[in-house]
Novice: 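What follows is a structure written as structure tokens; I'll ask about it next.
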Amino acid sequence: MEIEIRIVSASYRQSDVAVELFGRTRDGYSVTALYFGFRPYFDVVDPDEAYLRAIQNDPEFVKMEDKKLWIRGKFENVKRIYIRSPWKVPDYRGRCPFEVLAADIPFHHRFIYDFDLGSCVRITGEDISDRETSFTTDMVIRVDKIENVSDFNPNLKVLSFDVENEINRENIEDYGKILVIGYSISFQGKTVTGSISGDEQNILHGFVDLIRAEDPDVITGYNIDGYDIPVIKKRMDRYGIKMEIGRDGSIPRRIMNQFWRVHGRLISDTWWSVKRILHPKHESLDYVANMLLGEGKDNIDRLKIEEEWKNRRDEVIAYCIKDADLTLRIFEKMMVLNRLMYMSSVTKLPLDDVANVGTSNYVDSILIRAADRENIGVPMNQHEIKTEEIQGGYVHTIGAGLYSNVIVLDFKSMYPSMIIKYNVCFTTIDPNGDIESPTGVRFLSPEKRKGLIPRILQDLMADRDDVKRKMKAAKSREEREFYDGIQNAIKVLMNTFYGVLASSFYRFTDHKIGSAITAFARETIKGIISTLQAAGNTVIYGDTDSVFVASGGKSTEEAIKRGKDLSERLSKEQGLTLDFQMVLDPFFSHGAKKRYAGRCVYPEDMKGEIIIKGYEVRRTDSFDLQSQALSKVIDFILNRDIDGAIRYADDLIRKVRSGDPSIDIESLVISRTVKEFDSYRANQESLANIRAAKKLIEMGETFVPGMKVSWIVTNAKRTPQEVEPYIYGRELSAKPDWDYYARRLSETLGRVIDVFRSDLGQEHKTARLDSFEPSTDEKKPKEKETPKNSTLDSFF
DNA sequence: TGCCCTCGGGG
DNA sequence: GTGTACGAGGGCA
């Protein structure tokens, strides 16, 4: 038979070393594809006869081949050695006295690279579902032929679940009895919800049966990695029940004491996605559900779950199902699967590898295939070699101030462009090269030898442009979103190439290469700034790949015209693409790197958006008044009401300092969870949250390890500072340390406000464009590129 | 400034 | 599984 699937996950089984591919067809069938006969191998550089004799007599030995591989500038004789068992490769590579290449590539990746598979494949073979009964998929196929097909995004089945269990108050790690498991399953546009309750052993068996019967591609939930899965596992261990929820009947494995993986499915904790994608101020399910769906959790007191279970069992069950369902809807709203499928298409990796494995695998997947095609030796990842840090991007700042109609230009794919333009690659680095980096490293010119990475990036860039064209020509919204997702994934992949080259452990990393790339980039951006200045422009700010240019205080229309003009002219001059990104009016520069705010007035679809960088507006550990006040001050400034901002800040700080009754005590509360006291290693007494919890107990209040404890700082002059537990809705007996709160507020607000107090005097309402000495700075490597905006507008 | 520890979510 | 992978903040040296 012949069938087409998108690959969800790939693995192999030890019994007969069959490669397992798991996936879903367009019309919704789940499939296991088994490939027999693929063998693990590794490359040994120029081994001697004794080694080859010994290896040939080894019972694991299968065969060997002669290869000539390009290694560090020349071709070397290499033996490719095939053995029987993938899991024995680490042992063999460790015992080999010669240099070993490509011996750290997971077996299922090796298979995918060697067959050059993409994320969707056509499988031709025999249906062996009758013989292979341990799999939970609709069918099992023995692969005769496997080939790529153009990508499609099938409906994947997603199962979200939630556990309610009793709390073991003596030992929080030893979870109490499970009361109910609620679930919500989404597939082909329909959602089914339900619950499993009754005898605990039946619940646990019911959970395994549910997953095996439903056979979801994706399992999700809220904090399942850290809570629900460990709870189920611990309770199953007690009865000797096995959590056989893998598509091949295997049990989940814990990765790094953190994540869970299981053969054939993607375990994707919605909580992690929420953190990564939304960066919400609070990460609780209730908060996030309200934010995204306008609907929160049911009203059940989980700290008294046993009591609730006794008195209102049906409500607890409904609450449990609702948690699972809210989580599923959040998961779908964030379009986690779409993002993963795009990334999977572009990196040609299975969905679960894209979701779970580090980004160096993205590069591996593309680069190793290309290297293999050209007989370039693939070294192994380096084992934690500490090198000096790579100098980062160039940051250009000028005096603080409020500016009108500021033009923002930024380089399209700065680092990839540098790699292409200067032919930067481990295959071109050469002391006799014609291209010299500002760091003095030389690379061959493209005419002599075009580098492998520059070529790959060039192709990716062309692909991206092509996809963007298709996006513009798209006839439907779905089509446009599809192409937009793909082009964005290509962008991520391209930037990942720089990321791994700058890292300290990647297989193709070379410190000289990483630092050359950033040096070329700094030189380029400095050149742009000089050119702009020479032509009479004032560059207000610049960071790595962007420049902010004063438009001269003219109208927005003129700024737009000027921006387009500059972008066109400079792109042509530089042979690079300098995009005209936006016009900000006003733009507030703090005069320090990485801190500014502005309101977007162009382009049309970003109009009104507030861009805030560097000012942390939503720290979970700060008290509410702090973030509220900062937002308010920035608001005043962006409305050009400097006096208002100063007045507001001064007034507020004065009120707080004097303990004005208008200050809401609740806005000063700081909260944090407290675990079992024993679980803290050292100096428990120096942690404010622990002292608050202990005081709570002294006061005769409920404290359960794992509970969130709230407090007010009552005396910060002592070390450690004194705190008083705060119980919502109850009057606080102690007095807040008003000086402490005033000081923290003044620190936060002062960073913004002081700019206007110092040298700007009274004339700050119009932009000041002269008399500032630019200060420059080299930023630290690997800093976050994405601005943390204070709203979620940019996401939706 | 950098290293190490902790939290966050969950009941 | 031929793997080693959270992200940000705070305390402390």
Side-chain angles (χ1 to χ4, degrees), chain A residues 11-12 14 40-42 83 85-94 100-111 162-169 172 175-180 221-231 253 255-259 261 263 269-276 279-280 282-288 300-306 308-309 316 319-320 323 327 353 355-361 364 380-381 383-384 389 505 616 618-622 671-675 679-683 686-690 704-708 719-720 780 784 788:
Chain A
S11 49
Y12 74 95
Q14 290 207 345
Y41 61 83
F42 54 91
I83 63 170
S85 317
W87 60 93
K88 289 186 179 164
V89 171
D91 183 36
Y92 280 78
R93 90 177 163 225
V100 180
L101 300 179
D104 60 351
I105 298 163
F107 190 54
H108 69 279
H109 286 156
R110 184 82 268 172
F111 176 80
D162 179 47
V163 171
E164 306 300 325
N165 66 307
E166 291 181 351
I167 303 165
N168 184 337
R169 281 163 211 284
I172 197 170
Y175 310 106
K177 193 173 86 177
I178 291 176
L179 305 169
V180 56
Y222 213 78
N223 195 23
I224 51 172
D225 282 344
Y227 192 77
D228 301 66
I229 296 176
V231 168
R253 292 166 296 120
I255 310 293
M256 292 263 79
N257 214 22
Q258 187 106 51
F259 311 102
R261 294 190 84 176
H263 279 193
D269 191 329
T270 294
W271 176 53
W272 286 116
S273 300
V274 162
K275 282 168 77 82
R276 258 204 319 271
H279 304 287
H282 299 288
E283 296 163 357
S284 68
L285 176 58
D286 191 52
Y287 182 88
V288 175
I300 292 283
D301 186 349
R302 4 191 257 212
L303 289 171
K304 296 182 186 141
I305 190 77
E306 296 88 350
E308 298 275 40
W309 182 248
V316 173
Y319 163 90
C320 181
D323 276 9
T327 303
D353 287 310
N356 293 319
V357 186
T359 49
S360 65
N361 277 264
D364 267 356
M380 293 199 283
N381 281 329
H383 228 37
E384 182 102 24
E389 283 199 334
F505 57 86
E616 196 41 87
R618 48 162 166 233
R619 295 170 31 164
T620 50
D621 66 312
S622 64
S671 343
R672 200 154 243 211
T673 49
V674 179
K675 297 185 290 185
S679 63
Y680 293 92
R681 278 164 218 234
N683 45 339
S686 75
L687 292 172
N689 55 339
I690 295 181
V704 184
M707 195 173 102
K708 193 167 237 172
T719 4
K780 278 281 154 62
K784 266 227 150 354
K788 285 188 184 157

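Numbered from 1 within each chain, the chains take letters A, B, ... in sequence-line order.
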Novice: Is the shortest side-chain N/O distance from A:Asn381 to OP1 or OP2 of C:dT4 below 4.0 Å?
Specialist: yes

Novice: Sticking with atom C1', work out how far B:dG9 lies from C:dC6, rounded to a whole angstrom.
Specialist: 13 Å

Novice: Provide, to the nearest angstrom, the distance between the CZ atom belonging to A:Arg276 and the P atom belonging to B:dG9.
Specialist: 16 Å

Novice: Over all strands shown, is A:Ile224 touching base, sugar-phosphate only, or nothing at heavy-atom distances under 4.0 angstrom?
Specialist: nothing

Novice: Heavy atoms from C-beta onward define the side chain here; which of B:dG10, C:dC6, B:dG11 lies closest to that of A:Ile167?
Specialist: B:dG11

Novice: Quick check on C:dG1: is either OP1 or OP2 less than 4.0 Å from any side-chain nitrogen or oxygen of A:Arg261?
Specialist: yes

Novice: Counting side-chain heavy atoms from C-beta on, which of C:dC6, B:dG11, C:dT2 comes nearest to A:Pro86?
Specialist: C:dT2

Novice: Can you check the A:Ile690 CD1 to C:dG11 P distance for me, whole Å?
Specialist: 13 Å

Novice: Please state how far atom CG in A:Asp323 lies from atom C1' in B:dG9, giving the value in whole angstrom units.
Specialist: 12 Å

Novice: In chain order, what residues pass the side chain to side chain contact (heavy atoms under 4.5 Å, CB included) check against A:Thr270, with sequence neighbours excluded?
Specialist: A:Thr220, A:Tyr222, A:Val274, A:Thr327, A:Ile330, A:Phe331, A:Met334

Novice: May I ask you to say what A:Arg253 touches in the nucleic acid, namely base, sugar-phosphate or nothing, with a heavy-atom cut-off under 4.0 Å?
Specialist: base

Novice: Grab the OH-C1' distance between A:Tyr175 and B:dG11 for me, whole Å please.
Specialist: 10 Å

Novice: Of all residues at least two apart in sequence or in a different chain, which pass the ring pair (Phe, Tyr, Trp, His ring centres under 6.0 Å) check with A:Phe107?
Specialist: A:Tyr12, A:Phe38

Novice: Would you kindly give the CG-to-C1' distance between A:Asp353 and C:dT2, to the nearest whole Å?
Specialist: 14 Å

Novice: Between C1' on B:dG10 and CD on A:Glu283, what's the gap in Å once rounded to a whole number?
Specialist: 12 Å

Novice: Checking side-chain polar atoms at under 3.5 Å, does A:Tyr227 have a donor or acceptor matched by the opposite partner on A:Asp269?
Specialist: no

Novice: OP1, OP2 of B:dT6 versus side-chain N and O of A:Asn689: anything below 4.0 Å?
Specialist: no

Novice: Which part of the nucleic acid, if any, lies within reach of A:Asp104 when heavy atoms closer than 4.0 Å are counted: base, sugar-phosphate only, or nothing?
Specialist: base

Novice: Using a heavy-atom cut-off of under 4.0 Å over every strand shown, decide if A:Tyr222 touches base, sugar-phosphate, or nothing.
Specialist: sugar-phosphate

Novice: Closer than 4.0 Å, any side-chain N/O of A:Arg302 to the OP1 or OP2 of B:dG10?
Specialist: yes

Novice: How many Å lie between CG on A:Asn223 and C1' on B:dG10, as a whole number?
Specialist: 4 Å

Novice: For A:Ile305, which contact category applies under a 4.0 Å heavy-atom criterion: base, sugar-phosphate, or nothing?
Specialist: sugar-phosphate

Novice: Rounded to whole angstrom units, what separation is found between the CH2 atom of A:Trp271 and the P atom of C:dC6?
Specialist: 12 Å

